Amino acid sequence: MLARVEAVRERPGTDRLTKEILRLTESLVLAQLGRGAEAREILEAARVSFGDLGQRRWLAVTDEIEAEIERLDGHLTRAIALQRDVHAFFSGQGDALNALPAAAGLANLLLAAGDLDEAGRLVAEIERRDTGEDLEIRVSWMVVRAVGAAAAGDRILASELTEQVLSLVDGTDFLLQQADARASLAGAATDPVLAERLRAEALARYDEKGAVALATELRSAGAAP
């Protein structure tokens, strides 16, 4: 993946903006591989370029990737603050195309922090505006609703949503999305056997993709051996 991104970035004729956008992808992949210092260095270089180019939209995307790096480094409060700013920016621009994914990202971070109330309010808004065209958005709000339902003691709804999410993600080839969903849904599983299976399946997919930081995060949480 990194080699492909670098090859395209260095291809003759690639304009400056495209090169910096590709740096964002490179930074995210490096963070997932557990190479946080390199990810931050590349991200900051891209941030400077976007500032020079007056690209406010891409500066917001840069903050979103920084939020993921902070999350992977265990700085959840900082990650939430960054993602909240990203959501506010796109919402303020009236950019629903980017505001909804930003809201989904914020809801997932709030979920990780145990703030089910705010996450639930965000999810209600996302669900209301969801057109069904973006699988990632649909999966995000359904996962948060499943975990919230489990926390509220509604096992039936939690189980139904879990089955629906797994059916959606397993119909794709996106291993990271399948893994992320399983890692989160393990928290909605009232059956400890199911919870352990979901965690194990998430780890297997992270390992297959080489997502070292994501696998380490799941293992260090004591979620799986």
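Note that the structure is predicted; figures quoted are calculated from it, not measured.
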Atom pair [atom1]/[atom2] of [X] and [Y] - distance to nearest 0.5 Å:
{"X": "Glu64", "Y": "His87", "atom1": "CD", "atom2": "NE2", "answer": "10.5 Å"}
{"X": "Asp180", "Y": "Leu185", "atom1": "CG", "atom2": "CG", "answer": "10.5 Å"}
{"X": "Arg57", "Y": "Phe90", "atom1": "CZ", "atom2": "CZ", "answer": "5.5 Å"}
{"X": "Leu198", "Y": "Asp191", "atom1": "CG", "atom2": "CG", "answer": "9.5 Å"}
{"X": "Asp15", "Y": "Leu53", "atom1": "CG", "atom2": "CG", "answer": "9.5 Å"}
{"X": "Trp58", "Y": "Leu24", "atom1": "CH2", "atom2": "CG", "answer": "6.5 Å"}

By salt bridge (Lys or Arg N to Asp or Glu O under 4.0 Å) - contacts of [X] (at least two apart):
{"X": "Arg71", "result": "Glu68, Glu217"}
{"X": "Glu66", "result": "Arg47, Arg78"}
{"X": "Arg197", "result": "Glu201"}
{"X": "Glu125", "result": "Arg128, Arg129"}

Linking I/L/V/M/F/W/Y whenever any side-chain heavy atoms sit under 4.5 Å apart, do [X] and [Y] land together?
{"X": "Leu33", "Y": "Leu28", "value": "no"}
{"X": "Leu22", "Y": "Phe50", "value": "no"}
{"X": "Val48", "Y": "Leu30", "value": "no"}
{"X": "Val61", "Y": "Leu43", "value": "yes"}
{"X": "Val143", "Y": "Leu122", "value": "no"}

When you look at CD of Glu44, are more than 12 heavy atoms from neighbouring residues, nucleotides or ligands closer to it than 6.0 Å?
yes
Please determine whether the number of non-hydrogen atoms from other residues, nucleotides or ligands lying under 6.0 Å from atom CZ of Arg56 exceeds 12.
no
Taking only distance into account, with no hydrogens and no angle test, what donor-acceptor pairs under 3.5 Å do side-chain atoms of residues 149-160 form with protein atoms, sequence neighbours excluded?
residue: Asp154; atom: OD1; partner: Leu157; partner atom: N; Å: 3.1

Heavy-atom nearest pair, Leu203 first then Ala215, reads CD2-O, 3.6 Å
Nearest heavy-atom approach of Glu20 to Ala46 is OE1-CA, 3.3 Å
Using distance only, find each side-chain donor-acceptor pair of residues 93-100 under 3.5 Å and give its atom names and separation, not counting sequence neighbours.
residue: Asp95; atom: OD1; partner: Leu97; partner atom: N; Å: 3.3
residue: Asp95; atom: OD1; partner: Asn98; partner atom: N; Å: 3.3
residue: Asp95; atom: OD1; partner: Asn98; partner atom: ND2; Å: 3.4
residue: Asp95; atom: OD2; partner: Asn98; partner atom: ND2; Å: 2.8

With sequence neighbours excluded, tell me which residues meet side chain to side chain contact (heavy atoms under 4.5 Å, CB included) with [X].
{"X": "Ala183", "value": "Ala202, Tyr206, Leu218"}
{"X": "Asn108", "value": "Leu111, Ser140, Val144"}
{"X": "Ile80", "value": "Leu76, Arg84, Leu106, Leu109, Leu110, Ala113"}
{"X": "Ala31", "value": "Ala39, Ile69, Leu72"}

Joining Ile, Leu, Val, Met, Phe, Trp and Tyr whenever any side-chain heavy atoms lie under 4.5 Å apart, the cluster holding Val212 also takes in none
Starting from the C-alpha separation in whole Å, work towards a yes-or-no answer on salt bridge (Lys or Arg N to Asp or Glu O under 4.0 Å) for Glu26 and Arg23. CA-CA 5 Å; Glu26 186 176 358; Arg23 285 189 195 278; 5.1 Å; no
Contact check, side chains of Ser49 and Arg16, non-hydrogen atoms, under 4.5 Å: yes
Pair up each side-chain donor or acceptor in residues 165-176 with any protein partner under 3.5 Å, not counting sequence neighbours, and list the distances.
residue: Asp170; atom: OD1; partner: Arg182; partner atom: NH1; Å: 2.9
residue: Asp170; atom: OD1; partner: Arg182; partner atom: NH2; Å: 3.3
residue: Asp170; atom: OD2; partner: Arg182; partner atom: NH2; Å: 2.8
residue: Thr172; atom: OG1; partner: Val169; partner atom: O; Å: 2.8
residue: Thr172; atom: OG1; partner: Phe174; partner atom: N; Å: 3.2

| Short side-chain to backbone donor-acceptor contact, Gln83 and Ala102, under 3.5 Å | yes
Backbone N/O of His75 and side chain of Asp73: donor-acceptor pair under 3.5 Å: no
Electrostatic pair Glu70:Arg40 at N-O distance under 4.0 angstrom
yes
